[in-house]
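Quantities reported herein were computed from a predicted structural model and do not represent experimental measurements. Throughout, protein chains are lettered first and strands after them, A, B, ... in sequence-line order, and every chain is numbered starting at 1.
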Amino acid sequence: MTEIVLYNTMARAKQAFIPADPRRVTLYVCGPTVYNYAHIGNARPVVAFDVLFRLLRARYGAEHIVHARNFTDIDDKIIARARETGEPIQELTRRFADIYRADMAALGNLPPDFEPRATDHVSGMLTLIEGLVAKGHAYATPSGVWFSVASMPDYGKLSGRTLADLLHGARVEAMDDKNDPADFSLWKAAKPGEPFWDSPWGPGRPGWHIECSAMIEAILGRTIDLHAGGHDLIFPHHENEIAQSECAHDAPLARFWLHNGFLTMDSEKMSKSQGNVALIHDLLADWPGEVLRFALLSGHYRAPLDFTTGLLEQAKATLDRLYGALERADAAAGAAPGTGDFAPSPEIWAALADDLNSPEALAGLSGLAASLNKARIPAEITEIAGQLRASGEMMGLLGADPAHWFRAKAGDGDSDAIEALVAARTAARAARNWAEADRLRDQLNAAGVEVLDGAGGSSWRRR
RNA sequence: GGCCAUGUGGCGGAGUGGUGACGCAGCGGUCUGCAAAACCGCGUACCCCGGUUCAAUUCCGGGCGUGGCCUCCA
């Protein structure tokens with residue numbers, strides 16, 4: 001089994017991944033703030049690190065991996081949205097958390113073992129903050145509690161920033177009542193009308209970063225194996241998590257830091273402020289979730305990826321080819337699909353183990369499909385098809401029944417109508433009435449249905 | 001300005017000190033009543049300028065281009 005190598009942002013290099021305890025490998029991925037629909041860019045870390053999750057499960061055993069992904073369910077934007085719409089915060093966040101889960105499931109992601117919500121961990125945050133204040137790393141002011149960046153000698157080690165860099169770029173105006181412009185908020189005193197929790201510093205709510213520190217400690221432990229998220233989280237979010245957790249515990253927060261690159265839309269950053277976002281919810285109306293997933297995996301997770309319609313069309317075409325090979329294999333082997341214990345191909349395993357090289361792994365899938373299309377011996381067909389499915393599963397792909405893949409969108413009645421036309425065409429062909437047969441095929445094509453004539457008769461698929 | 005990435009054929013996108021990525025699209029062929037699907041074959045790709053080397057797309061230096069981060073955006 002090939003060793004897993006991952007690019008560790010902290011080291012700025014690929015490193016062999018060896019868990020602290022192979023019987024309990026811990027993975028934390030920063031999750032969403034739930035106040036609206038997730039866009040496809042939000043899905044990139046989820047898909048990329050779902051592949052990592054699958055790889056770890058395969059390597060160490062599913063029962064030995066603990067994967068947590070949080071929901072941020074209290075923050076300024078949530079409060080603002082609730083004010084706008086009048087929907088209570090709890091309902092709003094619960095509703096969008098459910099939508100998020102459904103979207104991620106549609107993209108073929110396994111659910112994490114834990115999905116903690118920030119508001120369930122406020123007491124843990126308070127304990128953490130109290131400890132930081134006691135150790136001189138934080139101080140209270142009327143506006144809340146602040147982390148004192150100057151109290152941590154190696155602050156900035158993840159993002160490669162020095163305190164001087166930060167001050168250089170910092171706003172000149174003294175914000176709030178903190179001592180240093182680089183200090184960040186651990187606890188915010190409640191303003192009138194805002195939701196609040198009681199604390200030693202009066203009613204208030206947590207700062208953004210502290211929730212992850214508290215949830216990681218509560219669920220996974222003080223030092224975890226892997227901490228992952230979007231590239232933009234390196235600074236300030238992950239930097240500040242490190243500051244809080246490490247100053248509180250005198251232990252490293254995570255052994256590996258993984259960050260995915262951004263999606264662009266027509267080469268521009270996809271962001272809410274620019275209004276160029278594609279919501280997963282909307283994309284799913286036009287594309288199977290697996291096409292979206294394949295498109296996201298077609299680039300390496302650390303590289304930028306331009307998310308375009310062309311990319312989706314290519315992903316769809318490639319998946320059609322892969323599923324086509326599986327469909328013929330199932331028919332030829334006459335066996336139930338997905339049976340038996342097949343292992344992923346060594347090449348695909350190696351590609352994924354090399355810092356989640358999904359494009360190379362996808363190339364491996366195509367290679368297997370080509371072999372499958374050429375295979376003639378039933379035992380060989382079963383073997384390769386099994387290997388192809390097992391390899392696909394490593395990436396959360398090819399899990400569908402090919403028949404479903406090609407014909408799912410048709411309603412039952414719709415399907416019957418298509419079957420009738422195909423049957424009529426078969427009859428016309430038997431009568432060597434080519435004109436009628438071609439007319440029926442044109443009619444089917446116009447309806448988005450492709451007819452495939454084979455030795456054993458004609459079949460059809462949706463385009 | 002500081003920091004971090006990145007520049008590969010029509011398009012997407014891996015990788016490598018010296019013959020092939022892979023996919024999509026395209027072209028030719030086999031098959032087919034004709035197609036489609038599948039199979040076989042085809043493309044003289046590595047931003048620019050120096051340097052190292054027998055040999056650089058791959059290493060080093062410089063330049064140019066692009067993207068991202070620089071206090072709450074995956």
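In this structure B:rU6 sits in a base pair with B:rG65, meeting the Watson-Crick or G-U test at under 3.5 Å. In this structure, B:rU71 forms no base pair with any nucleotide, since neither Watson-Crick nor G-U wobble geometry is met with both distances under 3.5 Å. Nucleotide B:rU44 forms no Watson-Crick or G-U wobble pair with any nucleotide shown, as no partner meets the under 3.5 Å limit on both distances. The base-pairing partner of B:rA14, taking Watson-Crick or G-U wobble contacts with both distances under 3.5 Å, does not exist among the strands shown.
Across all strands shown, A:Gly299 has heavy atoms under 4.0 Å from sugar-phosphate atoms exclusively, and none from any base. Residue contacts shown for A:Asn373 are limited to sugar-phosphate atoms, with no base heavy atom under 4.0 Å away. Nucleic acid contact for A:Arg205: none, since no nucleic acid atom lies under 4.0 Å from a heavy atom of the residue. Within the 4.0 angstrom heavy-atom criterion, base atoms lie near A:Arg441. Within 4.0 Å (heavy atoms only), A:His259 reaches no atom of the nucleic acid at all. A:Asp438 comes within 4.0 angstrom of a nucleotide base, judged by non-hydrogen atoms across all strands. When heavy atoms are screened at a 4.0 angstrom cut-off, A:Gly229 is found touching the sugar-phosphate backbone but no base atom. Nucleic acid contact class of A:Tyr7 (heavy atoms, under 4.0 Å, all strands): sugar-phosphate only. Residue-level contact check: A:Leu233 touches the backbone only, with heavy atoms under 4.0 Å from sugar-phosphate atoms and none from bases. At a threshold of 4.0 angstrom between heavy atoms, the contacts of A:Ser185 with the nucleic acid are absent.
Closest approach of A:Arg461 to A:Glu327, counting heavy atoms only: NH2-OE1, 4.5 Å.
When the nucleotides B:rA37, B:rC39, B:rG33 are ranked by their closest atom to the side chain of A:Arg461, B:rA37 comes out on top. For A:Arg328, the listed nucleotide lying nearest its side chain is B:rA37; candidates were B:rG12, B:rA37, B:rG33. Picking from B:rA14, B:rA38, B:rG23 the nucleotide with the shortest atom distance to the side chain of A:Asn357 gives B:rA14. Comparing B:rA14, B:rA74, B:rC34 by their closest approach to the side chain of A:Asp453 singles out B:rC34. Listed nucleotides B:rC24, B:rA37, B:rG33 differ in distance to A:Leu452; the shortest reach to its side chain belongs to B:rA37. Considering only side-chain atoms of A:His231, the nucleotide from B:rG33, B:rC4, B:rG23 that sits closest is B:rC4.
Counting to the nearest Å, the P atom of B:rA36 and the CZ atom of A:Arg463 are 12 Å from each other. A:Arg302 has its CZ atom 9 Å from the P atom of B:rG15, to the nearest Å. In this structure, CD1 of A:Ile78 is placed 12 Å from C1' of B:rC72, rounded to the nearest angstrom. Note: CD (A:Glu450) to P (B:rA38) measures 9 Å, nearest angstrom. Taking atom CG of residue A:Leu305 and atom P of nucleotide B:rG7, one finds them 14 Å apart after rounding to whole Å.
Of the two residues near RNA chain B, A:Pro45 and A:Ala370, the one whose nearest nucleotide lies more 5' is A:Ala370.
With respect to A:Tyr139, the side-chain contact (heavy atoms from CB on, under 4.5 Å) criterion is satisfied by exactly one of A:Val145, A:Asn179, A:Leu186: A:Asn179.
Across B:rA45 and B:rA37, the matching P atoms stand 28 Å from one another, rounded to whole Å. Of the P atoms belonging to B:rG62 and B:rG13, the separation is 28 Å, rounded to the nearest Å. Look at the C1' atom in both B:rG10 and B:rG61: the space between them is 34 Å, to the nearest Å. Comparing the P positions of B:rC48 and B:rC34 gives a spacing of 48 Å, expressed to the nearest Å. With C1' as the reference atom, B:rG1 and B:rG50 are 28 Å apart, rounded to whole Å. The gap from the C1' atom of B:rA56 to that of B:rG18 amounts to 9 Å, rounded to the nearest Å. Nucleotides B:rU58 and B:rA21 place their C1' atoms 15 Å apart, quoted to the nearest Å. Rounded to whole Å, the separation between the C1' atoms of B:rC31 and B:rC40 comes to 11 Å.
Taken to the nearest 0.5 Å, the CG atom of A:Leu107 stands 5.5 Å off from the CD1 atom of A:Ile280. Atoms CZ and CD, on A:Arg205 and A:Glu194 in that order, are 4.5 Å from each other to the nearest 0.5 Å. Of the inter-residue distances, the one linking A:Arg389 atom CZ with A:Glu393 atom CD reads 11.0 Å to the nearest 0.5 angstrom.
For A:Phe71 and A:Phe96, the ring centers are positioned 6.0 Å apart or more.
Between the side chain of A:Glu360 and the base of B:rC22 there is no donor-acceptor pair of N/O atoms closer than 3.5 Å.
Salt bridge absent: A:Arg439 and A:Asp442 never bring a charged side-chain N and a carboxylate O closer than 4.0 Å.
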